[in-house]
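A quick note: this is a predicted structure, and the numbers were derived from the prediction, not measured. Hydrogens, waters and symmetry mates are skipped; everything else that's a heavy atom, side chains included, is used. In what follows, every chain begins at residue 1, and chains take the letters A, B, ... in the order their sequences are listed.
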Number of protein chains: 2
Amino acid sequence: MPGYYLFYSMETQVITVREHIIQTACKLFHEQGYNLTGINQIIDEAGLAKASLYYHFPSKEDLCVAYLQRRNKLWFDGLESYLNGTSEPRHRIVKTFDFRALHLENNNFGGCSYIKIISEMPQRGEKINRQVLLQKEKQRLFFLELTRLAIGNRKTAARVADTIFLLFDGGTVQCQVYREVTPLQVARRAVVELLDGL
Amino acid sequence: MPGYYLFYSMETQVITVREHIIQTACKLFHEQGYNLTGINQIIDEAGLAKASLYYHFPSKEDLCVAYLQRRNKLWFDGLESYLNGTSEPRHRIVKTFDFRALHLENNNFGGCSYIKIISEMPQRGEKINRQVLLQKEKQRLFFLELTRLAIGNRKTAARVADTIFLLFDGGTVQCQVYREVTPLQVARRAVVELLDGL
DNA sequence: GTCTATATTGTGATAGAC
DNA sequence: GTCTATCACAATATAGAC
C-alpha cells in the first residue's frame with residue numbers, strides 16, 4: 001500500500017493520506033467556513049501538493065461531502081459515548097442537549113455543519129443536498145425514537161419529537177450567534193417541562 | 001441632486017443610485033449567499049461601473065451592513081402590516097409565526113439573513129458582528145414584550161419568551177433545510193400549547 | 001501516488017480621465 | 001459622480017514528468 005501510513009493524527013496514530021486530508025479539511029471548513037477555505041490553504045496545512053489532493057478527491061464538493069459525513073460520525077460517536085450508562089429515555093433526551101452545549105463549546109461555537117453549509121450554498125449541489133437532508137433526518141429520527149420510548153407510542157409522539165428537534169436546532173443556532181451556551185440551557189429546560197407536562 | 005432619480009425600483013418608483021445598489025445587493029446576497037456573490041455580478045445586474053459602487057460603499061462589508069439593515073426593515077415593516085388589526089398579544093405572537101412562514105415562502109426558503117451571514121463568516125468583522133447581535137436582540141425583545149402582555153409580567157415571562165424565540169429560529173432554519181413550511185407550523189402549535197398551559 | 005508548473009477565471013479594490 | 005482600465009492576488013482544476 002504505497003502512500004499509506006504517511007501521516008500522524010493528533011492522537012499520534014498512523015493514518016492514511018486520505019484520512020489526513022479529511023481531518024485537515026474538517027478543521028478548516030468548520031472554523032472558517034466552506035467558501036472561505038481555499039484548496040490552497042488545505043494543501044498548505046496538510047503539507048502536500050495540489051494534484052495529490054485532487055487524486056484523492058475529484059472536486060472540492062466531494063471533499064465537502066466527506067467533511068459532512070465526518071462531522072456526523074464525530075457527533076453521534078461522541079453522543080453515544082456521552083450517553084453510555086444512561087438508559088432512561090427522558091434522561092437520554094435531556095443529556096443530548098447537555099452534550100450539544102459541551103460539543104459547541106469545544107468547537108468554538110461553530111454551530112451545526114449542515115445548517116451552515118446550506119447557508120453558504122443556497123443553490124446546493126445534488127451530492128451536498130442529499131447529505132444534508134440525510135443527516136438532518138437522522139437527527140430527527142433519533143429524537144423520535146427516544147420520545148416514543150419516553151411517552152409511549154401515542155398519536156402525539158411525532159409532534160412532541162419534532163418540537164424537541166426544533167428546540168435543539170434553535171438552541172444550536174442561537175448559541176452560534178451569541179457565542180454562549182445559555183440558549184441551549186433554556187432549550188433543555190423547555191424540553192424537561194414539555195415532557196413533564198404530558 | 002446630480003445622480004439622483006436615475007433608477008426605477010420594481011414598483012416603478014424613482015429611486016436614488018444608492019437605493020438601487022442596496023436593492024440589487026439585497027436580492028443577490030439573499031439568493032446566492034454573501035461570499036458567492038461577487039462585486040462584479042452586483043454591478044452587472046445594477047448596470048453601473050465598479051468605481052461607482054465603491055463611491056457609494058467603501059467596501060463589500062459596508063454593503064453587507066446595509067443589506068442586513070434592509071432585511072431587518074423589510075421584515076419588521078411587513079410584520080407590522082400583517083399584524084395590523086390584531087391587538088390580542090397571544091394572537092400577535094402566533095400570527096408572527098404565520099407571517100414568518102409566508103415570508104420564507106416568498107423568499108424561496110432563504111432562511112434568516114443574520115444566521116446565514118454568521119454561518120458564512122465565522123470570524124465576522126466588527127461591523128457585521130454588531131449588526132447581527134443588534135437585530136437578533138431586537139427580535140428577542142419583540143417576543144419578550146408580547147409575552148409579558150400575554151401572560152403578565154411574572155418571573156417566568158423571560159424564559160417563556162426565550163423559548164418562543166428558540167422555536168422561532170428553530171422553525172426558520174428547518175424550513176430553510178427542508179424547503180417547506182411544516183417546521184414553522186409545528187413550532188406555531190408548540191407555542192400555542194405553551195401559552196395555553198400557563 | 002506524488003510532484004512542479006501552469007491554465008483560466010474571478011476576486012475586492014483603486015487611479016485617473018471626464 | 002460616473003466612467004474605463006488596471007492592479008495584485010486567490011480561486012478551482014489539470015497536464016505531464018517522475
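- Close to C:dT2, at under 4.0 Å from its OP1 or OP2, lies no side-chain N or O of A:Tyr55.
- At whole-Å resolution of the value, CD1 in A:Ile21 and C1' in C:dG1 are 11 Å apart.
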Assess whether salt bridge (Lys or Arg N to Asp or Glu O under 4.0 Å) is satisfied between A:Glu105 and A:Arg179, documenting all intermediate values.
CA-CA 9 Å; A:Glu105 265 188 317; A:Arg179 298 187 66 81; over 6 Å; no

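- Remark: C1' of D:dA15 and NZ of A:Lys50 are 14 Å apart, rounded to the nearest angstrom.
- Of the residues in residues 120-131 of chain B, not one comes within less than 4.0 Å of DNA chain C through any heavy atom.
- Contacts of A:Lys73 classified as salt bridge (charged side-chain N to carboxylate O under 4.0 Å, His left out), with partners at least two apart in sequence or in another chain: A:Asp77.
- A salt bridge between B:Lys27 and B:Glu45 is present, with a side-chain N of the basic residue lying under 4.0 Å from a carboxylate O of the acidic one.
- Salt-bridge check for A:Glu88 with A:Arg92: failed, with every basic side-chain N at 4.0 Å or more from each acidic carboxylate O.
- Relative to the six-membered ring of B:Tyr82, B:Lys95 meets both conditions, a distance below 6.0 Å and an angle of at most 45° to the axis.
- C:dT2 atom C1' lies 14 Å from atom NE2 of A:His20, rounded to whole Å.
- For residues 28-49 of chain A, proximity to DNA chain C is found at A:Leu48, A:Ala49, defined as any non-hydrogen atom under 4.0 angstrom from a strand atom.
- Protein atom CZ of B:Phe57 is 16 Å distant from nucleotide atom P of C:dT14, rounded to whole Å.
- Between A:His56 atom NE2 and D:dA13 atom P the separation is 16 Å, expressed in whole Å.
- Relative ring orientation between A:Phe97 and A:Phe143 is described as tilted, the plane-to-plane angle lying within the 30° to 60° band.
- Relative ring orientation between B:Phe7 and B:His20 is described as parallel, the plane-to-plane angle staying below 30° on a 0-90° scale split at 30° and 60°.
- Between B:Trp75 and B:His103, the ring planes lie perpendicular to each other; the angle is over 60°, past the 30° to 60° tilted range.
- Between B:Ser52 and D:dC3, a side-chain N or O to OP1/OP2 separation shorter than 4.0 Å is present.
- Taking all atoms of both residues into account, the shortest heavy-atom contact from A:Leu166 to B:Pro183 is CD1-O, 3.7 Å.
- Between A:Pro58 and B:Ala51, the residue anchored nearer the 5' end of DNA chain D, judged by the nucleotide with its closest heavy atom, is B:Ala51.
- One can place CG of A:Leu53 at 12 Å from P of D:dT14, the figure rounded to the nearest angstrom.
- Looking at the side chain of B:Tyr54, the nearest of the listed nucleotides C:dA13, D:dT2, D:dA13 is C:dA13.
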